[in-house]
Protein chains: 2
Amino acid sequence: MKIKKEVTIYDLAKELNYSPSTISRALNNHKSISKKTVKLIKEAAEEMGYRPNNLAAGLRSNKSNTIGVLISRINRPFVSSLISGIENTARKAGYNVLISQSNDKYQSEINNSNALYDSRISGLIVSLSMETIDMGHFEKFMENGIPIVFVDRVPSNFNSYKVVIDNYTAGYSATKHLIEQGCKRIAHFAGAKHRNVYLERKKGYLDALREHGLPIEDKLVVNFKTLSFDEGTKATEKLLKMTNPPDGIFAANDTTGVSAIMCAKKLGVKVPDQLAVIGFNDDPISSIVQPSLSTVSHPASKMGAISAKRILEHSAQSYDADLSEITVLGTEIIARGSSLRTVKS
Amino acid sequence: MKIKKEVTIYDLAKELNYSPSTISRALNNHKSISKKTVKLIKEAAEEMGYRPNNLAAGLRSNKSNTIGVLISRINRPFVSSLISGIENTARKAGYNVLISQSNDKYQSEINNSNALYDSRISGLIVSLSMETIDMGHFEKFMENGIPIVFVDRVPSNFNSYKVVIDNYTAGYSATKHLIEQGCKRIAHFAGAKHRNVYLERKKGYLDALREHGLPIEDKLVVNFKTLSFDEGTKATEKLLKMTNPPDGIFAANDTTGVSAIMCAKKLGVKVPDQLAVIGFNDDPISSIVQPSLSTVSHPASKMGAISAKRILEHSAQSYDADLSEITVLGTEIIARGSSLRTVKS
DNA sequence: TTGTAGGCGTTATCAG
DNA sequence: CTGATAACGCCTACAA
């Protein structure tokens, strides 16, 4: 296999009897070059198979036009839609997207943030790992003017762009929805409490109970480690075998919500009449399970698009932008069979 | 916000009274530098907050240590797992991963391949868009010694690394499984026929029928455009309303397989006894639907890992490697409720 | 084991 | 409107 030598702006310059600077300017639509020359040069570039070298351009201009993404794992519906939104938006603006997964490990998050930094990304979009508490690894981005957008799983102790949903209200509404369906004893499947999303959903749950005069029982609040299907099944079994089992579950994600439905059915507990369930995220599985799982919408793709837009806007500005803008997106309760009772008790 | 000046190897050199080249070598573990000096320099680098500049290193050494990924869309279970496998493997080797989605548009695939090329990726992993027929946009990679690994949706008319499953055998086995369950009239939900994966699954289906003495009926082979849930529902409805409806469906993906089950249930057709269904991919929804969907495993993450490994291996070789290696992974029939009949008819 | 010097491909400044 | 020149940060012969 012969390796061709790459065509550079020097080759174009020689070929067309222009200086490299003129070629460069023409290729970048610099206004000082006549339309005619630009056209000529671009056509020649095309014909000679010229392709710009982003490494060189990036080194020189100190901007890589690349957005770095730091998430826990890609193969989950919410995350892959988030990235999809980021990529589509970035691509339209001519930006590339560099991804990295922490697999929810703090140390990996540090390593990956360094790797992305080393590529001199124009901005970083982060959804924190489950383990992350200390934010030190993000400081060098701030110090060097690289904007960071935290999305969904955001820190409370770090000032930067944030794109989130109102988890508190969502948790409150989900719980209220169950109450309206006649539930009196509502359990909650809670996620790691140092992650804002889970903490706030839980707060919303607790407040909804309180404000509707329902008692809060510790035994009904199950703290999950990973919110996995198996964990959900075990928790549901335990709850349903109590002498006084709950009549409703608000699960912090759909995976455990679906597991609750399937476990209840297996145990002969009627959903929604004996046990109403609502999840979170609107993952594909939630509309497949029967009865279908009520849930809370989570605008993943839109959150990705907005996050990318923040980076793009920031890059377009020359002045020092205010980095602390927080975008809060709305969510909706999607009521389905798992919670819609025909007769309210 | 003050923007700090970056620390370079020159700064380290000045600080430590070494030449930049020594610093560079030490940082890269060059063997000619003593352990002691390496340690000294690395510690100073750490302390001074030095971070290498990949753009500069890449420009100079003509290798970016970046793998480009070109897929149709990220937010599908198979694809996100594929990317997850790529990323984990690449990361371990110190490579970054650049992603781009074509959204199944030929023109986007061209544009994205150019964008990735411009970033001087070390290798490209591609799963073709639905529309792609011409392969011209991949030639410059070959000409410049950038390895391409086609994965899953691969071309037949382009010689390069390929990582695939044996779609023919999988299609054959899936159909045979239905035959063994007693199905006599088996329909097939087929995907776009210029994409190898769908064509081969269909061939396997046809041969299985033939070899088991079952008639092939054109009306039972439904050609899908996108294999979406809605398309699946419509196709199932139409089939089940025939005067002589099929008693089995082999769907080329799980989405339409699940839609078939749900549609059949709605129409009062018993699954699996009146209609047995098998899908493809083992997406999460397949084990949630009831009866759960029999399917064919698709080792997405593993395919990603192997694809990445091909690139890494190729990069490690100095000689001109043979680019035509094809890796074929095995699949398994996962028999679940949607096809397991208690009484074989 | 370490240093010197040149260049990777591009862009920006300055001059014309 | 165009050209010469330097510089971005790093790597690597070649020299010492």
field: Below 4.0 Å: OP1/OP2 of dT2(D) and any side-chain N or O of T22(A)
entry: no

query: Can you check the L16(B) CG to dG3(C) P distance for me, whole Å?
result: 11 Å

message: If I take atom CG in residue L59(B) and atom C1' in nucleotide dA7(D), what distance separates them, rounded to the nearest angstrom?
response: 12 Å

field: Short N-O contact, R195(B) and D104(B), less than 4.0 angstrom
entry: no

message: Whole angstroms only, please: what is the CD1-P distance between I23(B) and dC11(D)?
response: 12 Å

message: For dT11(C) and S24(A) - does any side-chain N or O of the residue sit under 4.0 Å from the phosphate oxygens OP1/OP2?
response: yes

message: Donor-acceptor check, side chain of S315(B) to backbone of I311(B), threshold 3.5 angstrom: yes or no?
response: yes

message: Output the rounded distance in Å from CZ (R51(A)) to C1' (dC8(C)).
response: 19 Å

- prompt: Is the shortest side-chain N to carboxylate O distance from R310(A) to E313(A) below 4.0 Å?
  reply: yes

message: Taking any heavy-atom pair under 4.0 Å as a contact, classify K35(B): base, sugar-phosphate, or nothing.
response: nothing

message: In this structure, how many angstroms lie between the P atom of dC11(D) and the CG atom of N62(B), rounded?
response: 13 Å

Nearest to side-chain heavy atoms of N28(A), which nucleotide of dC1(D), dG9(C), dT11(C): dT11(C)

- prompt: In whole angstroms, how far is the P atom of dC11(D) from the NE2 atom of H30(B)?
  reply: 11 Å

Spacing of Y117(A) atom OH relative to dG9(D) atom P, expressed in whole Å: 11 Å

query: Is atom NZ of K302(B) surrounded by more than 12 heavy atoms (other residues, nucleotides or ligands) closer than 6.0 Å?
result: no

task: For dC1(D), take OP1 and OP2 only and decide whether either is under 4.0 Å from a side-chain N or O of S32(A).
output: no

message: Please check this pair: side chain of Q101(A) against backbone of E87(B), looking for a donor-acceptor N/O pair closer than 3.5 Å.
response: no

- prompt: Is a donor-acceptor pair below 3.5 Å formed from side chain R60(A) to base dT10(C), judging by atom type as modelled?
  reply: no

query: With a non-hydrogen cut-off below 4.0 angstrom, is K63(A) in contact with a base, only sugar-phosphate, or nothing?
result: nothing

- request: Could you check S21(B) against L27(A) and say which one's nearest nucleotide on DNA chain C is further toward the 5' end?
  value: S21(B)

statement: From the candidates dG9(C), dG3(C), dG9(D), the one with an atom nearest any side-chain atom of Y18(B) is dG3(C)

query: Taking only N and O in the side chain of T37(A), is any of them less than 4.0 Å away from OP1 or OP2 of dT2(D)?
result: yes

- prompt: With nearest nucleotides of DNA chain C determined for Y10(A) and P20(B) from heavy-atom distances, which residue corresponds to the more 5′ nucleotide?
  reply: P20(B)

field: N53(B) CG - dT10(C) C1' separation (whole Å)
entry: 14 Å

- request: Kindly say whether, by distance alone, the side chain of R25(A) makes a donor-acceptor pair under 3.5 Å with the base of dG3(D)?
  value: yes

